[in-house]
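In this text the structure is predicted, and so the values were computed from the model without any measurement.
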Amino acid sequence: MVNVVFRTHSGEETAVDIPEEGNLMEAAVANNISGIAADCGGSMVCGTCHVMVAPEWQEKLPEQSEMEKDILSYVPEPQPSSRLTCQIPVTAELEGIVLQLPEHQH
């Protein structure tokens, strides 16, 4: 199991232990994380699984595809640290990662 922390815009944190399978969006949905809408179900067309990832975690994530970069350009208030959770596989290297949720997904 991998411990992942989802932090809301207001600072509330929800820690979940998730198996090393699937992606962070699926884990968020399975754990009823408020703020991850996942409207497209992981098809990478909506951007409603957007989070910000601290710089120290970026090197542990897969590189962004051009499509992910494109989708992120349309999310509210994109940041250099913005990622789509549907594009981040759950791996042991992510143990303890904190994912900052944006104020709004739409």
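- Within the model, atoms CG of Leu84 and NZ of Lys69 stand 12.5 Å from one another, a figure rounded to the nearest 0.5 Å.
- Shown here are the side chain to side chain contact (heavy atoms under 4.5 Å, CB included) partners of Ser43, two or more places apart in sequence or in another chain: Cys40, Val45.
- Residues Met44 and Gln87 are in side-chain contact: their nearest non-hydrogen atoms beyond the backbone lie under 4.5 Å apart.
- Qualifying side chain to side chain contact (heavy atoms under 4.5 Å, CB included) partners for Arg7, counting only residues two or more places apart in sequence or in other chains: Glu13, Val98, Gln100.
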Next item on the list: Mind running side-chain contact (heavy atoms from CB on, under 4.5 Å) on Val53 and Gln58 for me, showing each step along the way?
Entry: CA-CA 7 Å; Val53 180; Gln58 292 287 340; 3.5 Å; yes
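- Gln105 is linked by a side chain to side chain contact (heavy atoms under 4.5 Å, CB included) to Ile36, Thr48, His50, Pro102, counting only residues two or more places apart in sequence or in another chain.
- Both Val16 and Val51 are assigned to one and the same hydrophobic cluster, defined by single-linkage of ILVMFWY side chains at heavy-atom distances under 4.5 Å.
- A donor-acceptor contact under 3.5 angstrom links the side chains of Glu93 and Thr91, judged on distance only.
- For the atom pair OG1 (Thr8) and CG (Leu101), the distance works out to 7.0 Å, reported to the nearest 0.5 Å.
- Scanning for side chain to side chain contact (heavy atoms under 4.5 Å, CB included) contacts around Asn3 gives Val5, Ala15, Asp17, Glu95, with sequence neighbours left out.
- Rounding to the nearest 0.5 Å gives a distance of 9.0 Å between OG of Ser65 and CD1 of Ile71.
- Alongside Tyr74, the hydrophobic cluster contains no other residue (criterion: ILVMFWY side chains under 4.5 Å).
- Counting heavy atoms from C-beta outward, Leu24 and Leu94 have side chains that approach closer than 4.5 Å.
- Annotation: side chain of Val4 is in contact with side chain of Ile97 (closest heavy-atom distance under 4.5 Å).
- For the atom pair Cys49 SG and Ile33 CD1, the distance stands at 13.5 Å (nearest 0.5 Å).
- Atoms CD and OG1, from Glu26 and Thr85 in turn, are 9.5 Å apart once rounded to the nearest 0.5 Å.
- A continuous path of Ile, Leu, Val, Met, Phe, Trp and Tyr side chains, each step under 4.5 Å between heavy atoms, connects Val2 with Phe6, placing both in one hydrophobic cluster.
- Remark: Glu68 pairs with Arg83 by the salt bridge (charged side-chain N to carboxylate O under 4.0 Å, His left out) rule, at least two apart or across chains.
- Residue Glu56 qualifies as enclosed at atom CD: its count of foreign heavy atoms under 6.0 Å is above 12.
- Hydrophobic clustering (ILVMFWY, side-chain heavy atoms < 4.5 Å, transitive): Leu72 and Leu61 are in distinct clusters.
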